[in-house]
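A quick write-up on the structure given underneath.
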Amino acid sequence: MAKGTAVITGGLVLTANGDATPADLLLHDDTIAAIAPAGSVTSESTRRIDATNRLIIPGLINAHTHSHGGLAKGSGDRWSLETLLNAGPWLNGGRTEDDRYLSAVLTAVEMLRKGCTACYDLAAMLPVPTAAALDNVARAYTDVGIRAVIAPMVADRSFYQAIPDLLDAFPGDLRPLAEALRTVPGETTLAAIRDAATHWSYPRDRIRLGVAPTIPLHCSEEFMRGCRDLAIEHGLPLQTHLAESAVQRVAALRQYGTTLTGHLDRLGVLGPRFSAAHAIWIDAAEVDLIASHGGAIAHNPGSNLRLGNGIADMRPAIARGIHVGVGTDGSSSADNQNMFEAMRLTAFVSRVFDRPPEDWIGAVEALRLATEGSAAVLGMQDIIGKIAPGFKADLVFLDLDNVNLVPLNHATQQLVNGEDGTAVRDVMIGGDYVLRDGAVLGVDWPRVVTQAREAAARLKETNAATRAATERLAPLISQFCVGLGRQAHDLPRRLMAHA
Ligand SMILES: [Zn+2]
(Lines give C-alpha, C1' and ligand atoms only; values in the text may rest on other atoms or scores of the structure.)
Protein backbone atom coordinates (compact mmCIF):
# COMPACT_ATOMS: atom_id res chain seq x y z
CA MET A 1 0.00 0.00 0.00
CA ALA A 2 3.05 2.29 0.10
CA LYS A 3 2.39 4.35 -2.99
CA GLY A 4 3.75 7.59 -1.59
CA THR A 5 2.29 10.93 -2.54
CA ALA A 6 0.23 11.67 -5.63
CA VAL A 7 -1.99 14.48 -6.86
CA ILE A 8 -5.17 14.11 -8.88
CA THR A 9 -5.38 17.27 -10.90
CA GLY A 10 -7.43 18.87 -13.65
CA GLY A 11 -10.85 17.58 -12.59
CA LEU A 12 -13.97 18.92 -10.92
CA VAL A 13 -14.46 17.64 -7.36
CA LEU A 14 -17.87 17.22 -5.82
CA THR A 15 -18.08 19.00 -2.48
CA ALA A 16 -20.28 18.17 0.51
CA ASN A 17 -22.81 20.91 -0.38
CA GLY A 18 -23.33 19.32 -3.79
CA ASP A 19 -21.34 21.70 -5.98
CA ALA A 20 -18.57 20.67 -8.35
CA THR A 21 -15.47 22.86 -8.19
CA PRO A 22 -12.02 22.63 -9.77
CA ALA A 23 -9.63 21.23 -7.14
CA ASP A 24 -6.53 19.10 -6.66
CA LEU A 25 -6.75 15.99 -4.50
CA LEU A 26 -3.53 15.19 -2.71
CA LEU A 27 -3.19 11.49 -1.86
CA HIS A 28 -0.82 9.83 0.54
CA ASP A 29 -0.69 6.08 -0.01
CA ASP A 30 -4.35 4.94 -0.06
CA THR A 31 -5.75 8.01 1.70
CA ILE A 32 -6.83 11.54 0.80
CA ALA A 33 -4.34 13.90 2.47
CA ALA A 34 -5.76 17.24 1.37
CA ILE A 35 -8.13 19.03 -0.98
CA ALA A 36 -6.11 21.85 -2.49
CA PRO A 37 -6.90 24.72 -4.87
CA ALA A 38 -6.73 23.64 -8.52
CA GLY A 39 -3.19 23.65 -9.88
CA SER A 40 -1.63 24.52 -6.51
CA VAL A 41 0.30 21.25 -6.06
CA THR A 42 3.37 21.78 -8.22
CA SER A 43 6.04 19.69 -6.47
CA GLU A 44 8.16 17.78 -9.02
CA SER A 45 8.39 14.76 -6.72
CA THR A 46 4.60 14.29 -6.52
CA ARG A 47 3.15 11.75 -8.95
CA ARG A 48 0.48 13.41 -11.11
CA ILE A 49 -2.81 11.76 -12.06
CA ASP A 50 -4.63 13.56 -14.82
CA ALA A 51 -8.37 14.03 -14.31
CA THR A 52 -9.00 16.52 -17.10
CA ASN A 53 -12.65 16.52 -18.17
CA ARG A 54 -13.64 14.33 -15.23
CA LEU A 55 -16.15 14.90 -12.44
CA ILE A 56 -14.78 13.23 -9.29
CA ILE A 57 -17.31 11.96 -6.76
CA PRO A 58 -17.05 9.77 -3.66
CA GLY A 59 -17.57 6.07 -4.41
CA LEU A 60 -21.19 5.02 -3.92
CA ILE A 61 -21.75 2.40 -1.22
CA ASN A 62 -24.31 -0.37 -1.49
CA ALA A 63 -25.80 -1.00 1.95
CA HIS A 64 -27.58 -4.23 1.00
CA THR A 65 -26.98 -6.80 -1.70
CA HIS A 66 -26.54 -10.54 -2.21
CA SER A 67 -23.56 -11.83 -4.17
CA HIS A 68 -25.26 -15.16 -4.92
CA GLY A 69 -27.74 -13.21 -7.07
CA GLY A 70 -25.14 -12.62 -9.77
CA LEU A 71 -25.67 -16.00 -11.41
CA ALA A 72 -29.46 -15.90 -10.92
CA LYS A 73 -30.21 -12.49 -12.44
CA GLY A 74 -33.33 -12.24 -14.53
CA SER A 75 -34.82 -15.45 -13.13
CA GLY A 76 -38.09 -14.02 -11.90
CA ASP A 77 -40.65 -11.39 -12.70
CA ARG A 78 -43.96 -11.16 -10.89
CA TRP A 79 -42.62 -12.55 -7.63
CA SER A 80 -43.70 -11.41 -4.20
CA LEU A 81 -41.08 -11.70 -1.46
CA GLU A 82 -42.68 -14.97 -0.40
CA THR A 83 -42.72 -16.56 -3.85
CA LEU A 84 -39.11 -15.38 -4.28
CA LEU A 85 -38.18 -17.11 -1.01
CA ASN A 86 -39.96 -20.23 -2.25
CA ALA A 87 -37.78 -20.10 -5.37
CA GLY A 88 -34.62 -19.69 -3.27
CA PRO A 89 -33.70 -23.40 -3.18
CA TRP A 90 -33.37 -23.58 -6.97
CA LEU A 91 -32.14 -20.01 -7.51
CA ASN A 92 -29.23 -20.44 -5.13
CA GLY A 93 -28.91 -24.22 -4.79
CA GLY A 94 -26.40 -26.67 -6.21
CA ARG A 95 -23.61 -24.11 -6.29
CA THR A 96 -19.99 -25.24 -6.44
CA GLU A 97 -17.21 -23.26 -4.75
CA ASP A 98 -16.24 -21.87 -8.17
CA ASP A 99 -19.85 -20.73 -8.67
CA ARG A 100 -19.72 -18.73 -5.43
CA TYR A 101 -16.62 -16.92 -6.63
CA LEU A 102 -18.10 -16.36 -10.07
CA SER A 103 -21.44 -15.06 -8.78
CA ALA A 104 -19.67 -12.61 -6.46
CA VAL A 105 -17.42 -11.45 -9.32
CA LEU A 106 -20.49 -10.76 -11.49
CA THR A 107 -22.15 -8.81 -8.68
CA ALA A 108 -19.00 -6.89 -7.81
CA VAL A 109 -18.19 -6.05 -11.45
CA GLU A 110 -21.67 -4.68 -12.04
CA MET A 111 -21.47 -2.53 -8.92
CA LEU A 112 -18.01 -1.26 -9.84
CA ARG A 113 -18.90 -0.38 -13.42
CA LYS A 114 -21.81 1.65 -12.05
CA GLY A 115 -19.72 3.65 -9.60
CA CYS A 116 -19.96 1.61 -6.41
CA THR A 117 -16.82 1.05 -4.34
CA ALA A 118 -18.07 -0.88 -1.28
CA CYS A 119 -21.00 -3.10 -0.34
CA TYR A 120 -22.72 -5.06 2.41
CA ASP A 121 -23.17 -8.56 1.01
CA LEU A 122 -25.62 -10.96 2.64
CA ALA A 123 -24.20 -14.05 0.97
CA ALA A 124 -26.08 -17.34 0.95
CA MET A 125 -23.66 -20.21 1.46
CA LEU A 126 -25.87 -23.24 1.55
CA PRO A 127 -25.85 -25.48 3.42
CA VAL A 128 -23.16 -24.05 5.75
CA PRO A 129 -20.92 -20.95 5.50
CA THR A 130 -17.64 -22.85 5.42
CA ALA A 131 -14.21 -21.23 5.39
CA ALA A 132 -13.87 -22.18 1.70
CA ALA A 133 -17.19 -20.55 0.79
CA LEU A 134 -16.31 -17.34 2.61
CA ASP A 135 -12.86 -17.33 1.07
CA ASN A 136 -14.27 -17.61 -2.44
CA VAL A 137 -16.57 -14.63 -1.96
CA ALA A 138 -13.79 -12.62 -0.27
CA ARG A 139 -11.42 -13.47 -3.13
CA ALA A 140 -13.96 -12.20 -5.66
CA TYR A 141 -14.16 -8.79 -3.97
CA THR A 142 -10.39 -8.71 -3.59
CA ASP A 143 -9.87 -9.44 -7.30
CA VAL A 144 -12.43 -6.89 -8.49
CA GLY A 145 -11.04 -4.47 -5.90
CA ILE A 146 -14.11 -3.24 -4.03
CA ARG A 147 -14.54 -3.20 -0.27
CA ALA A 148 -17.15 -5.44 1.31
CA VAL A 149 -18.79 -6.61 4.47
CA ILE A 150 -19.46 -10.29 3.81
CA ALA A 151 -22.22 -11.48 6.10
CA PRO A 152 -23.24 -15.13 5.68
CA MET A 153 -27.02 -15.17 5.34
CA VAL A 154 -28.15 -17.81 7.80
CA ALA A 155 -31.20 -19.32 9.50
CA ASP A 156 -32.22 -22.39 11.41
CA ARG A 157 -35.75 -22.62 9.97
CA SER A 158 -36.88 -22.91 6.40
CA PHE A 159 -39.19 -20.35 4.83
CA TYR A 160 -41.97 -22.96 5.02
CA GLN A 161 -41.52 -23.33 8.77
CA ALA A 162 -41.31 -19.58 9.28
CA ILE A 163 -44.82 -18.61 8.18
CA PRO A 164 -47.39 -19.68 10.77
CA ASP A 165 -49.79 -22.39 9.51
CA LEU A 166 -48.28 -22.42 6.01
CA LEU A 167 -47.20 -26.07 6.14
CA ASP A 168 -50.67 -27.06 7.36
CA ALA A 169 -52.19 -25.33 4.34
CA PHE A 170 -50.38 -27.63 1.90
CA PRO A 171 -52.34 -30.63 0.67
CA GLY A 172 -50.94 -34.07 1.54
CA ASP A 173 -48.97 -34.54 -1.68
CA LEU A 174 -47.27 -31.12 -1.53
CA ARG A 175 -46.43 -31.01 2.16
CA PRO A 176 -43.51 -33.47 1.93
CA LEU A 177 -41.98 -31.31 -0.84
CA ALA A 178 -41.94 -28.30 1.48
CA GLU A 179 -40.80 -30.31 4.49
CA ALA A 180 -37.84 -31.69 2.52
CA LEU A 181 -36.41 -28.18 2.08
CA ARG A 182 -34.73 -27.85 5.47
CA THR A 183 -31.86 -25.97 7.06
CA VAL A 184 -28.91 -27.48 8.91
CA PRO A 185 -28.92 -27.30 12.74
CA GLY A 186 -28.30 -23.79 14.05
CA GLU A 187 -25.29 -24.76 16.14
CA THR A 188 -23.49 -26.09 13.04
CA THR A 189 -24.00 -22.76 11.30
CA LEU A 190 -22.96 -20.68 14.32
CA ALA A 191 -19.84 -22.80 14.81
CA ALA A 192 -18.84 -22.21 11.17
CA ILE A 193 -19.15 -18.43 11.53
CA ARG A 194 -17.31 -18.48 14.87
CA ASP A 195 -14.50 -20.37 13.18
CA ALA A 196 -14.41 -17.88 10.30
CA ALA A 197 -14.34 -14.92 12.71
CA THR A 198 -11.50 -16.46 14.68
CA HIS A 199 -9.37 -17.11 11.60
CA TRP A 200 -10.30 -14.06 9.46
CA SER A 201 -7.21 -13.03 7.52
CA TYR A 202 -8.47 -10.30 5.19
CA PRO A 203 -7.58 -6.67 6.05
CA ARG A 204 -10.58 -5.27 7.94
CA ASP A 205 -10.58 -2.02 6.00
CA ARG A 206 -11.06 -4.04 2.79
CA ILE A 207 -13.06 -7.19 3.51
CA ARG A 208 -14.87 -7.49 6.78
CA LEU A 209 -16.88 -10.41 8.13
CA GLY A 210 -20.46 -9.82 9.28
CA VAL A 211 -23.38 -12.00 10.29
CA ALA A 212 -26.87 -11.96 8.77
CA PRO A 213 -29.62 -13.91 10.52
CA THR A 214 -31.62 -13.60 7.34
CA ILE A 215 -35.19 -12.92 8.49
CA PRO A 216 -36.14 -12.95 12.18
CA LEU A 217 -39.04 -15.36 11.52
CA HIS A 218 -36.55 -17.82 10.02
CA CYS A 219 -34.47 -17.83 13.20
CA SER A 220 -35.31 -19.45 16.52
CA GLU A 221 -34.74 -17.28 19.58
CA GLU A 222 -31.76 -19.40 20.52
CA PHE A 223 -30.24 -19.01 17.05
CA MET A 224 -30.81 -15.25 17.01
CA ARG A 225 -29.12 -14.97 20.41
CA GLY A 226 -26.24 -17.00 19.01
CA CYS A 227 -25.83 -14.53 16.12
CA ARG A 228 -26.00 -11.63 18.60
CA ASP A 229 -23.27 -13.19 20.73
CA LEU A 230 -21.02 -13.74 17.70
CA ALA A 231 -21.48 -10.09 16.70
CA ILE A 232 -20.56 -8.90 20.19
CA GLU A 233 -17.65 -11.29 20.76
CA HIS A 234 -16.02 -10.69 17.39
CA GLY A 235 -17.14 -7.10 16.69
CA LEU A 236 -19.15 -8.15 13.62
CA PRO A 237 -21.80 -6.01 11.96
CA LEU A 238 -25.20 -7.75 12.00
CA GLN A 239 -27.92 -7.23 9.40
CA THR A 240 -31.34 -8.78 9.00
CA HIS A 241 -34.27 -8.31 6.61
CA LEU A 242 -36.66 -6.46 8.90
CA ALA A 243 -40.39 -6.18 8.19
CA GLU A 244 -39.81 -6.44 4.46
CA SER A 245 -43.37 -7.59 3.75
CA ALA A 246 -46.80 -7.18 5.30
CA VAL A 247 -46.77 -10.97 5.76
CA GLN A 248 -43.78 -10.69 8.06
CA ARG A 249 -45.43 -8.03 10.19
CA VAL A 250 -48.61 -10.07 10.63
CA ALA A 251 -46.70 -13.30 11.26
CA ALA A 252 -44.52 -11.64 13.90
CA LEU A 253 -47.44 -10.13 15.79
CA ARG A 254 -49.08 -13.53 15.81
CA GLN A 255 -45.97 -15.47 16.76
CA TYR A 256 -44.22 -13.11 19.18
CA GLY A 257 -47.12 -11.00 20.43
CA THR A 258 -45.05 -7.96 19.47
CA THR A 259 -43.52 -6.33 16.41
CA LEU A 260 -40.42 -7.69 14.73
CA THR A 261 -38.31 -4.87 16.15
CA GLY A 262 -39.82 -5.39 19.59
CA HIS A 263 -38.92 -9.05 19.32
CA LEU A 264 -35.29 -8.24 18.36
CA ASP A 265 -35.09 -5.76 21.24
CA ARG A 266 -36.22 -8.43 23.71
CA LEU A 267 -33.47 -10.68 22.39
CA GLY A 268 -30.84 -7.95 22.78
CA VAL A 269 -30.04 -7.85 19.07
CA LEU A 270 -30.46 -4.08 18.57
CA GLY A 271 -27.38 -1.92 18.98
CA PRO A 272 -24.86 0.18 17.06
CA ARG A 273 -23.70 -2.83 15.01
CA PHE A 274 -27.29 -3.65 13.99
CA SER A 275 -28.78 -2.71 10.66
CA ALA A 276 -32.23 -3.45 9.30
CA ALA A 277 -32.65 -4.04 5.58
CA HIS A 278 -35.93 -2.74 4.10
CA ALA A 279 -37.83 -1.78 7.30
CA ILE A 280 -41.01 -1.10 5.34
CA TRP A 281 -43.66 -2.40 7.73
CA ILE A 282 -42.43 -0.78 10.93
CA ASP A 283 -44.31 1.66 13.11
CA ALA A 284 -43.18 4.76 15.01
CA ALA A 285 -42.36 2.76 18.16
CA GLU A 286 -40.06 0.51 16.12
CA VAL A 287 -38.32 3.54 14.60
CA ASP A 288 -37.76 4.77 18.16
CA LEU A 289 -36.35 1.42 19.23
CA ILE A 290 -33.83 1.31 16.36
CA ALA A 291 -32.89 4.95 16.97
CA SER A 292 -32.44 4.61 20.72
CA HIS A 293 -30.04 1.67 20.20
CA GLY A 294 -27.97 3.52 17.59
CA GLY A 295 -28.96 1.13 14.80
CA ALA A 296 -29.08 1.69 11.05
CA ILE A 297 -31.39 1.01 8.11
CA ALA A 298 -30.50 -0.10 4.59
CA HIS A 299 -33.18 1.35 2.31
CA ASN A 300 -33.86 -0.66 -0.90
CA PRO A 301 -36.53 1.21 -2.84
CA GLY A 302 -36.00 -0.69 -6.12
CA SER A 303 -36.42 -4.10 -4.54
CA ASN A 304 -39.36 -2.92 -2.45
CA LEU A 305 -41.18 -1.83 -5.60
CA ARG A 306 -40.16 -4.90 -7.64
CA LEU A 307 -41.48 -7.37 -5.04
CA GLY A 308 -44.61 -5.33 -4.35
CA ASN A 309 -43.69 -4.93 -0.69
CA GLY A 310 -44.56 -1.26 -0.53
CA ILE A 311 -42.61 1.92 0.03
CA ALA A 312 -40.48 2.41 3.11
CA ASP A 313 -40.77 5.85 4.63
CA MET A 314 -37.27 7.01 5.55
CA ARG A 315 -38.05 10.54 6.72
CA PRO A 316 -39.10 9.58 10.28
CA ALA A 317 -36.03 7.34 10.61
CA ILE A 318 -33.69 10.09 9.39
CA ALA A 319 -35.40 12.61 11.66
CA ARG A 320 -34.78 10.33 14.66
CA GLY A 321 -31.06 10.20 13.84
CA ILE A 322 -30.97 6.66 12.46
CA HIS A 323 -28.13 6.12 9.97
CA VAL A 324 -29.94 5.40 6.71
CA GLY A 325 -27.98 3.90 3.82
CA VAL A 326 -29.11 2.93 0.33
CA GLY A 327 -28.96 -0.52 -1.23
CA THR A 328 -29.90 -2.29 -4.43
CA ASP A 329 -30.72 -5.71 -2.93
CA GLY A 330 -29.65 -8.79 -4.89
CA SER A 331 -30.04 -9.49 -8.58
CA SER A 332 -32.93 -11.89 -7.90
CA SER A 333 -35.06 -9.06 -6.54
CA ALA A 334 -33.80 -5.72 -7.79
CA ASP A 335 -32.52 -6.67 -10.44
CA ASN A 336 -29.58 -4.48 -11.31
CA GLN A 337 -26.74 -3.43 -9.06
CA ASN A 338 -27.00 0.22 -9.97
CA MET A 339 -26.51 2.60 -7.08
CA PHE A 340 -27.34 5.59 -9.28
CA GLU A 341 -30.78 4.10 -9.83
CA ALA A 342 -31.10 3.30 -6.11
CA MET A 343 -30.30 6.92 -5.23
CA ARG A 344 -32.77 8.19 -7.79
CA LEU A 345 -35.54 5.95 -6.42
CA THR A 346 -34.63 6.97 -2.86
CA ALA A 347 -35.29 10.56 -3.81
CA PHE A 348 -38.41 9.86 -5.85
CA VAL A 349 -40.29 7.44 -3.57
CA SER A 350 -39.89 9.85 -0.65
CA ARG A 351 -42.43 12.04 -2.43
CA VAL A 352 -45.45 9.76 -2.26
CA PHE A 353 -46.06 10.39 1.43
CA ASP A 354 -48.32 13.17 2.54
CA ARG A 355 -45.64 15.77 3.22
CA PRO A 356 -44.60 19.13 1.81
CA PRO A 357 -41.76 19.19 -0.75
CA GLU A 358 -39.36 20.58 1.89
CA ASP A 359 -39.54 17.19 3.62
CA TRP A 360 -38.89 15.13 0.50
CA ILE A 361 -35.46 13.59 0.06
CA GLY A 362 -33.59 15.86 -2.34
CA ALA A 363 -30.56 15.15 -4.51
CA VAL A 364 -27.90 16.29 -2.04
CA GLU A 365 -29.47 14.24 0.76
CA ALA A 366 -29.93 11.15 -1.45
CA LEU A 367 -26.25 11.26 -2.41
CA ARG A 368 -25.29 11.63 1.25
CA LEU A 369 -27.41 8.60 2.19
CA ALA A 370 -25.79 6.51 -0.59
CA THR A 371 -22.28 7.45 0.58
CA GLU A 372 -21.96 8.51 4.23
CA GLY A 373 -25.20 6.79 5.25
CA SER A 374 -24.28 3.49 3.66
CA ALA A 375 -20.75 3.72 5.09
CA ALA A 376 -22.32 3.84 8.55
CA VAL A 377 -24.39 0.73 7.75
CA LEU A 378 -21.14 -1.07 6.87
CA GLY A 379 -19.52 0.26 10.07
CA MET A 380 -16.86 1.97 7.91
CA GLN A 381 -17.98 5.60 8.35
CA ASP A 382 -14.56 6.61 9.67
CA ILE A 383 -12.72 5.58 6.51
CA ILE A 384 -15.08 5.78 3.49
CA GLY A 385 -18.09 7.73 2.22
CA LYS A 386 -16.54 11.19 1.82
CA ILE A 387 -13.98 13.09 -0.17
CA ALA A 388 -12.17 14.52 2.84
CA PRO A 389 -8.71 14.43 4.41
CA GLY A 390 -8.18 11.16 6.27
CA PHE A 391 -10.66 9.20 4.16
CA LYS A 392 -9.65 6.44 1.74
CA ALA A 393 -9.21 7.54 -1.87
CA ASP A 394 -12.29 5.67 -3.15
CA LEU A 395 -13.20 7.89 -6.09
CA VAL A 396 -15.43 7.65 -9.14
CA PHE A 397 -14.47 9.63 -12.24
CA LEU A 398 -17.32 10.56 -14.59
CA ASP A 399 -16.84 11.75 -18.16
CA LEU A 400 -17.96 15.37 -18.38
CA ASP A 401 -18.58 14.88 -22.12
CA ASN A 402 -21.19 12.17 -21.44
CA VAL A 403 -24.63 13.31 -22.50
CA ASN A 404 -25.92 12.87 -18.93
CA LEU A 405 -23.65 15.70 -17.80
CA VAL A 406 -23.90 18.02 -20.82
CA PRO A 407 -24.51 20.78 -19.99
CA LEU A 408 -23.45 20.64 -16.36
CA ASN A 409 -26.05 22.81 -14.66
CA HIS A 410 -26.02 21.22 -11.21
CA ALA A 411 -23.68 18.29 -10.60
CA THR A 412 -25.52 16.56 -7.74
CA GLN A 413 -28.99 17.02 -9.19
CA GLN A 414 -27.78 15.53 -12.47
CA LEU A 415 -26.04 12.65 -10.67
CA VAL A 416 -29.07 11.69 -8.60
CA ASN A 417 -31.97 12.62 -10.85
CA GLY A 418 -30.45 11.73 -14.20
CA GLU A 419 -27.23 9.69 -14.13
CA ASP A 420 -27.52 5.96 -14.85
CA GLY A 421 -23.89 4.91 -14.54
CA THR A 422 -23.03 5.32 -18.21
CA ALA A 423 -20.85 8.38 -17.51
CA VAL A 424 -18.57 6.36 -15.18
CA ARG A 425 -15.14 6.05 -16.87
CA ASP A 426 -12.69 5.26 -14.07
CA VAL A 427 -12.90 4.11 -10.48
CA MET A 428 -10.12 4.30 -7.95
CA ILE A 429 -10.19 2.40 -4.66
CA GLY A 430 -7.59 3.13 -2.02
CA GLY A 431 -5.72 5.28 -4.56
CA ASP A 432 -5.47 2.52 -7.19
CA TYR A 433 -7.44 2.39 -10.40
CA VAL A 434 -9.62 -0.72 -10.50
CA LEU A 435 -11.76 0.47 -13.44
CA ARG A 436 -9.83 2.31 -16.14
CA ASP A 437 -11.39 3.71 -19.31
CA GLY A 438 -14.39 1.48 -18.70
CA ALA A 439 -12.37 -1.75 -18.24
CA VAL A 440 -12.30 -3.77 -15.01
CA LEU A 441 -8.60 -4.35 -14.35
CA GLY A 442 -8.73 -7.15 -11.76
CA VAL A 443 -10.52 -9.91 -13.67
CA ASP A 444 -10.28 -11.53 -17.10
CA TRP A 445 -13.74 -10.49 -18.28
CA PRO A 446 -14.02 -12.69 -21.42
CA ARG A 447 -13.16 -15.68 -19.22
CA VAL A 448 -15.79 -14.66 -16.65
CA VAL A 449 -18.37 -14.44 -19.44
CA THR A 450 -17.62 -17.97 -20.65
CA GLN A 451 -17.61 -19.43 -17.16
CA ALA A 452 -20.84 -17.68 -16.20
CA ARG A 453 -22.67 -19.03 -19.23
CA GLU A 454 -21.41 -22.55 -18.52
CA ALA A 455 -22.32 -22.31 -14.83
CA ALA A 456 -25.84 -21.04 -15.58
CA ALA A 457 -26.48 -23.91 -18.02
CA ARG A 458 -25.18 -26.49 -15.53
CA LEU A 459 -27.16 -25.02 -12.59
CA LYS A 460 -30.33 -25.10 -14.66
CA GLU A 461 -29.89 -28.87 -14.98
CA THR A 462 -28.80 -29.40 -11.38
CA ASN A 463 -31.73 -27.49 -9.93
CA ALA A 464 -34.43 -28.64 -12.35
CA ALA A 465 -36.13 -31.06 -9.95
CA THR A 466 -36.07 -28.57 -7.06
CA ARG A 467 -37.44 -25.90 -9.36
CA ALA A 468 -40.29 -28.15 -10.46
CA ALA A 469 -41.14 -28.92 -6.81
CA THR A 470 -41.15 -25.29 -5.68
CA GLU A 471 -43.16 -24.23 -8.71
CA ARG A 472 -45.86 -26.67 -7.64
CA LEU A 473 -45.91 -24.95 -4.22
CA ALA A 474 -45.88 -21.39 -5.60
CA PRO A 475 -49.59 -20.79 -6.36
CA LEU A 476 -50.62 -21.97 -2.91
CA ILE A 477 -47.97 -19.86 -1.21
CA SER A 478 -48.98 -16.83 -3.20
CA GLN A 479 -52.63 -17.25 -2.28
CA PHE A 480 -51.90 -17.99 1.40
CA CYS A 481 -49.54 -15.04 1.81
CA VAL A 482 -51.73 -12.52 0.02
CA GLY A 483 -54.47 -13.42 2.50
CA LEU A 484 -52.13 -13.20 5.48
CA GLY A 485 -50.57 -9.92 4.36
CA ARG A 486 -53.95 -8.27 3.93
CA GLN A 487 -54.43 -8.50 7.68
CA ALA A 488 -51.70 -5.88 8.05
CA HIS A 489 -54.08 -3.36 6.57
CA ASP A 490 -56.27 -3.75 9.64
CA LEU A 491 -53.39 -2.72 11.85
CA PRO A 492 -53.33 0.79 13.28
CA ARG A 493 -50.13 1.55 11.38
CA ARG A 494 -50.44 1.42 7.64
CA LEU A 495 -47.88 1.66 4.90
CA MET A 496 -48.18 5.38 4.39
CA ALA A 497 -49.09 6.49 7.87
CA HIS A 498 -45.81 6.58 9.76
CA ALA A 499 -45.57 10.31 10.19
ZN1 LIG B 1 -32.03 -8.78 0.63
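This is a predicted model, so every value here is computed, not measured. First listed ligand is number 1; within each ligand, the first listed atom is number 1.
The Zn ion (ligand 1) has no N, O or S atom of Glu244 closer than 2.8 Å. At least one N/O/S atom of His66, whether from backbone or side chain, sits less than 2.8 Å from the Zn ion (ligand 1).
For Arg472, the salt bridge (Lys or Arg N to Asp or Glu O under 4.0 Å) criterion is met by Asp173, not counting sequence neighbours.
Note on residues 178-208: pairs passing ring pair (Phe, Tyr, Trp, His ring centres under 6.0 Å), not counting sequence neighbours, are Trp200-Tyr202.
Between Phe159 and His218, the angle of the ring planes lies from 30° to 60°, which puts this pair in the tilted group.
With respect to the Zn ion (ligand 1), Asp329 has OD1 as its nearest N, O or S atom.
Atom CD of Glu222 sits in a sparse spot, with 12 or fewer heavy atoms from other residues, nucleotides or ligands closer than 6.0 Å.
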